Each structure stands twice: as C-alpha cells, then as structure tokens.
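Worth knowing before you read on, the calculation uses all heavy atoms, side chains too, and leaves out hydrogens, waters and symmetry mates. Every number for a ligand or one of its atoms is a count from 1 in the order of the listing. Computed from a predicted structure; not experimentally measured.
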Amino acid sequence: MNIIFLGPPGAGKGTQAQRICAALNIPQISTGDILRRAIKEQTPTGLKAKSYIDAGGLVPDDVIIDIVKERLQQDDCKNGYILDGFPRTVPQAEALDTFAKMDAVIELDVADEKLVERISGRRVCLKCGATYHVSLLNGETKCAVCGEELIQRADDQPETVLNRLKVYHAQTAPLVDFYGAKGLVKKVDGDVPMDDVFASIMAALGAQA
Ligand code: ADP
Ligand code: ADP
Ligand code: ZN
C-alpha cells in the first residue's frame, strides 16, 4: 500500500509512520529526515535546503520532488511505503501523481494550541529518525532505538514553529481537498494517546496489527 501521512507539524506523523511501517513492513520516507541528514553531511542538497528549514519555510518544490522521485525508485518501495512530510504543496502532489499512485491519505488532526507544546518538547535522533517527547524521557538523552545522542531541532523553537503552522495552513492544508476529491482521505484524531492513534490508523487502513 502506498500511503501519505498528512498533518501539521507536531501532529504525530513521524511517530506513527515509524510504528505503522514496522507493523506493515514497509519503509518510512520522511522528507524532513532526508533533508536533516543531508544538512548534517553537508551535501549540495543540504546546503541548499538549510536556510529554508531554519526559517520554518518550505524547501523549493523542484528540490524535494527530485529527492522523492529518486527514493521511490529504490527496491524497498516495491511493496508500498509511507510518505511522511511529502507532498506539502499542490504542485508537489501534482508531480507525485505523474510517478506514483497512492492508495490512502491519513489526515492526522490536532489543534494548533496542542502542537506548540508538542513541538517545543520534541527530541529527535538524527541517525534513525526516532522521535521522543521530553516529558516522557525521564532525563534519558540517548535514542532507545540506536543509542545516538538526542537533539532538539533548530526549527523547533517557538517563533519558527508559529511560522511553520502558518505555512501548513496556507500551503499544505489544501491537500486535504486535493486528495478528498479523489476519495482517498481518512481523517484520524491525533489528540489521543499514541497507542490509540496507532489503532485508529491501522483500522482506517483496514490492516491487522
Ligand atoms: P514536521 O515533522 O515538524 O512536520 P518535517 O521534519 O517533516 O517537519 O520537515 C522539517 C522541514 O523540512 C520543513 O519545515 C521544511 O522546511 C522541510 N521540508 C520537509 N518536507 C518538505 C516538503 N515536502 N517540501 C518542502 N519542504 C519540506
Ligand atoms: P510530526 O512528525 O507530525 O511533526 P512527531 O511524530 O515528531 O510529529 O511528534 C511531535 C511531538 O509530539 C513529539 O515530541 C512526539 O513524541 C509527540 N507526540 C506524538 N504523538 C503524540 C500523542 N498521540 N500524544 C502526545 N504526544 C505525542
Ligand atoms: Zn536513533
């Protein structure tokens, strides 16, 4: 199954994509993770993307479309995948239509007020992409999955977060209608405990845990 996870920053896309991908044995394709790794490795793409990400804006469509197109050609995508953080604009969605066919779009719904609290407490592992919240870490500073030191993302500062929410509503939210018109959208309440969100997504996909 080819699945898109749609939702504002902090809605739980990464958290749930990681779990659903493990359950369905398909890869998680997180454009945010790919870009953060590129920045860390100082690749040409990373150098180009950094200023946009730091400002809480979007990386230009052509840059990100090329990355995803190439990634979907790899062998591990044959049996499906979850796109986490792509598409984020209508032109990205239109481009995606030309090289892949989607089966479902999961819209994770969380109110803006909750998102700021979630994002300001987020800690991430740049090595494996695992995501945590500081309130649940009990002072632990290393990734439970791979042992890497956890970090706070530079774009998770409050001022940048507000800009990212604006960008979401202006540029990404229209995708709910874009995919709604194709009958693909399944809306899931993201403001309940993580295990419950997981169960709702599995049910929406018609998948067995
Ligand atoms: P979040 O999980 O908080 O929604 P991501 O990790 O998905 O954030 O993305 C972080 C940043 O990377 C975005 O704010 C944006 O600058 C850039 N980015 C990621 N995916 C895309 C995309 N599809 N198009 C443009 N920019 C992107
Ligand atoms: P996104 O990828 O949509 O930006 P994340 O998966 O990174 O969102 O989650 C953002 C923050 O919220 C993280 O700190 C994560 O631990 C936390 N979080 C995720 N899902 C839930 C939930 N259902 N309830 C409370 N906190 C959550
Ligand atoms: Zn890790």
Could you check [atom] against the protein and tell me its nearest heavy-atom contact, residue, atom and distance included?
| atom | answer |
| --- | --- |
| atom 5 (P) of ligand 1 | Arg88 NH2, 3.6 Å |
| atom 15 (C) of ligand 2 | Thr15 OG1, 3.9 Å |
| atom 14 (O) of ligand 2 | Tyr132 O, 2.8 Å |
| atom 11 (C) of ligand 2 | Arg118 O, 3.7 Å |

Based purely on interatomic distance, does Arg122 place a nitrogen or oxygen under 3.5 Å from a nitrogen or oxygen of ligand 2?
->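 Min N/O separation from ligand 2 is below 3.5 Å for Arg122.
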[X] to ligand 2, any heavy atom closer than 4.0 Å:
| X | answer |
| --- | --- |
| Ser30 | no |
| Gly32 | no |
| Leu136 | no |
| Pro9 | yes |

Are any of the N/O atoms in Tyr52 less than 3.5 Å from those in ligand 1?
->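 Between Tyr52 and ligand 1, no N or O pair is found under 3.5 Å apart.
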Taking both backbone and side-chain atoms of Asp33, is any N or O found less than 3.5 Å from an N or O belonging to ligand 1?
->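 No.
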CD of Gln42: more than 12 outside heavy atoms within 6.0 angstrom?
->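 Counting neighbours around CD of Gln42, 12 or fewer heavy atoms of other residues, nucleotides or ligands fall under 6.0 Å, so no.
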Is there a donor-acceptor pair under 3.5 Å between the side chain of Thr160 and the backbone N or O of Asp156?
->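 No, the answer is negative, given that no donor and acceptor are paired below the 3.5 Å cut-off.
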Which bit of Pro8 is near ligand 2, meaning a heavy atom under 4.0 Å away: side chain, backbone, both or neither?
->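 Pro8 to ligand 2: backbone contact only, side chain stays beyond 4.0 Å.
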Region of Leu108 that comes within reach of ligand 2 [heavy atoms, distance under 4.0 Å] =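 Neither part.
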Where the closest heavy atom to atom 18 (N) of ligand 2 is concerned, which of Met194, Arg164, Glu117, His133 has it?
->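 Among Met194, Arg164, Glu117, His133, the closest heavy atom to atom 18 (N) of ligand 2 comes from Met194.
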Provide the number and element of each atom of ligand 1 under 4.0 Å from a heavy atom of Gln92.
->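 Reading through ligand 1 atom by atom, the close ones are 22 (C), 23 (N), 24 (N), 25 (C).
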